[in-house]
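Encoded as structure tokens, the structure appears first; notes follow it.
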Amino acid sequence: MSTTFRRGAGAIAAGLLVAGGGTMAHADSHDNTNQTGYWVTYLEAEGYVDVTCTKVEAGQLSALGTVGQVDTDGDGEPDTQAVTVNDPWLLAVVKAGSTDASVDDENTLWWDVAAGDAIYHKSGKDISHVIGCNGVLPEEPTDEPEQPTDEPEQPTDEPEQPTDEPEQPGTPGDGDDAGKPIGPIVQTDVPEKGVNPALPLAAVAAAGLGLAGLGLRRRGQEH
């Protein structure tokens, strides 16, 4: 994928970063898009580390790969100088035209260049130089500490409620005493109506007298 780098905005950003370095000489060496130091600073500002850049001039392009022509306008005819690179690059900056050319068209940026890709300048002009850079973008930690998911178990068994009701006083319980009355005996039998309760007693008395008389009679006979 290619993009056009705007020199003005990029130079300002690099200048701000370089100003933090504290030396004017350092600022000068990193304020020129034709120098590798500029692109090192540019990539570091994008968050990359361990950045290295290499500059290859027009007469040495074969050191990068195969130099040839490619079709960029879709007419089937190769019409633009290109380099099919041998090695991958994080960023390849292709410069074409003179310094008098529009700053919008001065450099074409190719990101994530793979081995075998063809790089060229989008204007179709011959390449003045290529600056190839590599670097590492640190990965942000993605693993968050795990939150405990197991909640303490709540007791589910409720305490048992007593089911046996206490025995009521006066009620026979279980065991040897079962069926025996508890407490004083209460006379519940009542004579039937119309019967004189004195009659049975008189009958008993009469029977007793009869037996006594019989006894006296037997004694008189024996004498």
Where do [X] and [Y] come nearest, in terms of heavy atoms and distance?
| X | Y | value |
| --- | --- | --- |
| Tyr42 | Leu109 | OH-CD2, 4.3 Å |
| Ile119 | Ala92 | CD1-CB, 4.1 Å |
| Ser128 | Ala96 | OG-CA, 3.7 Å |

Name all residues meeting the side chain to side chain contact (heavy atoms under 4.5 Å, CB included) criterion together with [X]; count only those two or more places apart in sequence or in a different chain, and write none if there are none.
| X | result |
| --- | --- |
| Val40 | Glu44, Val51, Cys53 |
| Asp71 | Asp73, Asp75, Asp79 |
| Thr84 | Thr66, Ala118 |
| Val136 | Val49 |

If I take atom [atom1] from residue [X] and atom [atom2] from residue [Y], how far apart are they, to the nearest 0.5 angstrom?
| X | Y | atom1 | atom2 | value |
| --- | --- | --- | --- | --- |
| Leu43 | Asn134 | CG | CG | 9.5 Å |
| Trp39 | Asn107 | CH2 | CG | 5.0 Å |
| Leu64 | Thr54 | CG | OG1 | 8.5 Å |
| Asp112 | Leu90 | CG | CG | 6.0 Å |
| Leu61 | His129 | CG | NE2 | 10.5 Å |
| Thr33 | Tyr38 | OG1 | OH | 6.5 Å |

Contact between Asn34 and Glu106 at the side-chain level, heavy atoms closer than 4.5 Å - yes or no?
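A side-chain contact under 4.5 Å exists here.
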
Among all residues two or more places apart in sequence or in another chain, which pass the salt bridge (charged side-chain N to carboxylate O under 4.0 Å, His left out) test with Glu46?
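Here no residue qualifies.
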
Quick one: which of Asp126, Thr108, Thr72 gives a side chain to side chain contact (heavy atoms under 4.5 Å, CB included) with Tyr120?
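Answer after filtering Asp126, Thr108, Thr72: Thr72.
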
Show me the pairs that pass salt bridge (Lys or Arg N to Asp or Glu O under 4.0 Å) and involve residues 53-69, at least two apart or across chains.
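Sorted pair list: Lys55-Glu57.
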
Taking Gln81 for the side chain and Gln69 for the main chain, is one N or O donor matched with an acceptor at less than 3.5 Å?
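Such a contact is absent between Gln81 side chain and Gln69 backbone.
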
